[in-house]
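Each residue takes its place number in the sequence, starting with 1.
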Amino acid sequence: MRTMPDAPALHLTAIDSHAHVFSRGLNLASQRRYAPNYDAPLGDYLGQLRAHGFSHGVLVQPSFLGTDNRYLLSALQTVPGQLRGVVMLERDVEQATLAEMARLGVRGVRLNLMGQDMPDLTGAQWRPLLERIGEQGWHVELHRQVADIPVLVRALQPYGLDIVIDHFGRPDARRGLGQPGFAELLTLSGRGKVWVKVSGIYRLQGSPEENLAFARQALCALEAHYGAERLMWGSDWPHTQHESEVSFGSAVEQFEALGCSAQLRQALLLDTARALFGFE
């Protein structure tokens with residue numbers, strides 16, 4: 001990807017807080033749950049943003065690329081200022097590397113723990129990375145089933161880090177709001193410094209009807225406990241593992257079906273992500 005010449009800053013209209021870009025020809029992580037058989041290039045993503053009224057977006061490193069963030073960083077350089085990034089890192093990453101990533105627009109580190117053994121984030125081997133993340137003023141993004149989220153959040157809290165929870169915390173829509181972990185996820189709001197991405201409704205394991213009904217209930221509970229200012233929406237484009245039945249447009253339709261108030265909509269689509277990711 002080549003860097004485009006500087007252009008006037010885009011007026012902020014709406015921010016997609018969760019998307020991925022990649023090419024099937026990239027080096028894949030040796031341990032992965034999935035590998036794409038198609039490309040999801042930056043140009044296609046920017047086209048989706050324009051088509052649906054979004055001015056800015058956040059690129060999240062996909063798990064199948066592991067800690068090789070070069071494609072994501074190149075995308076950030078291509079349209080400077082329009083995008084922010086969330087990377088995946090080795091625990092021994094150098095501070096100078098983080099500083100350069102920050103210059104390009106990285107604002108967080110993803111711990112994608114789906115399908116992995118539960119890590120002990122209180123262990124000494126994690127301390128250098130977590131301290132460096134804090135020194136950068138970045139957040140940690142957690143992707144894990146909701147039953148384990150409270151343990152992970154408590155382990156991170158001594159570092160004073162901002163914490164972002166992916167995809168409603170990955171609950172099972174069929175098990176309702178009382179399932180293990182979800183009620184405690186709601187109480188984590190009282191500890192401060194925790195945000196939740198209202199994204200990936202189709203990943204909630206139920207039927208489309210079950211998923212949407214649960215998402216409505218969950219969003220109501222999350223707003224009551226966290227406040228609108230700690231919630232944000234993401235498209236999850238290109239909807240990996242769900243490409244055949246989900247599109248950017250249908251993800252927007254699912255969002256519209258949540259029936260948000262004007263205040264909540266403003267927070268989900270603009271205000272929360274603008275503040276957390278430092279969009280100007």
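- In this structure, the side chain of S189 does not engage the main chain of V194 through any donor-acceptor pair within 3.5 Å.
- Both L46 and V252 are part of a single hydrophobic cluster, where members link through side-chain heavy atoms under 4.5 Å apart.
- Heavy atoms only, all atoms of each residue included: C260 and L268 are closest at SG-CD1, 3.7 Å.
- Ring orientation note: the planes of Y45 and F248 are tilted relative to one another, at an angle of 30° to 60°.
- For R265 and E256, the salt-bridge test passes: some basic side-chain N is under 4.0 Å from an acidic carboxylate O.
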Which is it for H167 and S199 under the side-chain hydrogen bond (donor to acceptor under 3.5 Å, both in side chains) test, yes or no, and what are the steps along the way? CA-CA 5 Å; H167 305 325; S199 54; 2.7 Å; yes
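- One distance of note links CG of L111 with CG of L121; it measures 6.5 Å at 0.5 Å rounding.
- For the atom pair CE (M88) and OG1 (T67), the distance works out to 7.0 Å, reported to the nearest 0.5 Å.
- Salt bridge R110/D166: present, at least one basic N to carboxylate O contact under 4.0 Å.
- Across all their heavy atoms, G206 and N211 have their closest contact at N-OD1, 2.9 Å.
- Side chains of Y202 and E245: no donor on one and acceptor on the other come within 3.5 Å.
- Between Y226 and L185, the shortest heavy-atom distance links the atoms OH-O, 2.6 Å.
- The distance from atom CD of E184 to atom CG of L186, rounded to the nearest 0.5 Å, is 10.0 Å.
- Between the side chain of D16 and the main chain of H18, a donor-acceptor pair closer than 3.5 Å is present.
- Between R103 and E100, at least one side-chain N (NZ, or NE/NH1/NH2) sits under 4.0 Å from a carboxylate O, which counts as a salt bridge.
- Across every non-hydrogen atom of T13 and S55, the tightest pair is N-OG, 2.9 Å.
- Salt-bridge check for E94 with R132: failed, with every basic side-chain N at 4.0 Å or more from each acidic carboxylate O.
- Using cut-offs of 30° and 60° for the angle between ring planes, the F182 and F214 rings count as perpendicular.
- Note that CG of D92 and CG of L89 are 10.0 Å apart. Values are rounded to the nearest 0.5 Å.
- Contact record, K193 with D162: NZ-OD1, 3.0 Å, taken as the closest heavy-atom pair.
- Judged purely by atom type and a 3.5 angstrom limit, H20 uses its side chain to pair as donor or acceptor with the backbone of V60.
- Pairing each heavy atom of V58 with each of S17, the nearest pair is CB-O, 3.5 Å.
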